[in-house]
Asker: 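Structure below; questions to follow.
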Amino acid sequence: MKRNNFILITIILVILLVITKSQTTTTTKEEFLSKINQYLSEDSSLLNDDREYNELEKQMIEQLYRDALKRIKNRIVQQNSPVQFNPPTYNQTVIDAFSSKTLLNPQQNLTYNPYDLQNLNTTLNDSVCGVLYPNENDRSTYYLVNYTSAEEAESAGAFVTHLHNCGYCSTTKDLAMYMFHFDLTSPIRDCGIVSFISYEASLDCIQHSAGLTYNCAVIWLYDALNTRKDCLDICLYDWIMHVPNNVPANSTILNPCIQCDEDKSGPIFKLVAGRTRRDSGLLSAINRPPDSIYNITHYYY
């Protein structure tokens, strides 16, 4: 027992001795981590006191010491790392509640193709779109309001429904459909193929298959048409070869077709639609980097 206590005390003293190196000045966190990395990368013995150890004791103390340094490093790094947001899924009660609400300030119908506009500024700021209930006791009706920040929205009594300004897909009906359909890529893609025959039939397809509101379906159609124009060869190959959404499948790397759509059609879609799955804190059939998903939940139904 005394022998074990001696070893533990020795480990503590050695850690303090090696890290401080007789320095009395306080290091920055970055300098401290750099020292730990340096010690962990050294192949030579980390024991630099004058005590004599047999080989077994030396190996044991060295291993305990390295393990302690690794734990210290992990604690420090984790302190600076944001807690990863794990988007929840929503049950049918939540979906039905959002789907049945009435928007009191709807936008005028989208009667033009925004992809035809020249030099359209697609830069997005850090504003948020909020759901504001005129009667907190009766949430059957609501307004969509832009706010400069989540704090401003909350101060006004509104609930943030997605990052960036409101658009044609910002309604709670569209939110409900985004919740309901984990995979919107496949039905929208199939409805886009119908556009080779008829734009009107394609629009009807998007509304009925995905359940989106009219104007949200319109911008999805224009997105599909623009992607067809700029990415047809790439997407035909991926569709025919059944290339998964992400390559490799368990990564966040988009397949060539989805990446082309992201580059060629994505900026205008995000500007006009307002709501996207990521900006609404929703998962989808396309793997996305966790830090690209807005930290928001929807329990204000």
Asker: In chain order, what residues pass the side chain to side chain donor-acceptor pair (under 3.5 Å) check against D96, with sequence neighbours excluded?
Answerer: Q92
Asker: According to salt bridge (Lys or Arg N to Asp or Glu O under 4.0 Å), does anything in residues 209-222 pair up with another residue at least two apart or in another chain? List the pairs.
Answerer: none
Asker: Does the side chain of D174 come under 3.5 Å of the side chain of T171 through a donor N or O and an acceptor N or O?
Answerer: yes
Asker: Do T141 and T102 have side-chain atoms, one donor and one acceptor, less than 3.5 Å apart?
Answerer: no
Asker: For residues 272-301, pull every pair meeting disulfide bond (SG atoms under 2.5 Å apart), keeping only residues two or more places apart or in separate chains.
Answerer: none
Asker: Just to verify, what does F98 make a ring-ring contact (aromatic ring centres under 6.0 Å, His included) with, not counting sequence neighbours?
Answerer: Y300
Asker: On the ring face of F196, is R228 found with NZ or CZ under 6.0 Å from the centre and within 45° of the axis?
Answerer: yes
Asker: For R277, check salt bridge (charged side-chain N to carboxylate O under 4.0 Å, His left out) against everything at least two apart and list the hits.
Answerer: none
Asker: Taking disulfide bond (SG atoms under 2.5 Å apart) as the cut-off, I'd like each qualifying pair that reaches into residues 238-301, sequence neighbours left out, listed once.
Answerer: C231-C260, C235-C257
Asker: If the condition is ring-ring contact (aromatic ring centres under 6.0 Å, His included), which residues does Y115 pass it with, not counting sequence neighbours?
Answerer: none
Asker: Name all pairs fulfilling the side-chain hydrogen bond (donor to acceptor under 3.5 Å, both in side chains) condition that reach into residues 177-190, sequence neighbours left out, sorted by first residue then second.
Answerer: Y178-W220, D183-S186
Asker: List the residues meeting ring-ring contact (aromatic ring centres under 6.0 Å, His included) with Y90, not counting sequence neighbours, and say none if there are none.
Answerer: H298, Y299
Asker: Could you give all pairs that pass the side-chain hydrogen bond (donor to acceptor under 3.5 Å, both in side chains) test and reach residues 120-133, with sequence neighbours left out?
Answerer: N121-T123, N125-S127, S127-N165
Asker: Only pairs at least two apart or in different chains count here, so list each ring-ring contact (aromatic ring centres under 6.0 Å, His included) that has a residue in residues 222-245.
Answerer: none
Asker: For E262, enumerate each residue passing the side chain to side chain contact (heavy atoms under 4.5 Å, CB included) test, keeping only those at least two apart in sequence or located in another chain.
Answerer: L254, Q259, K270, R278, R288
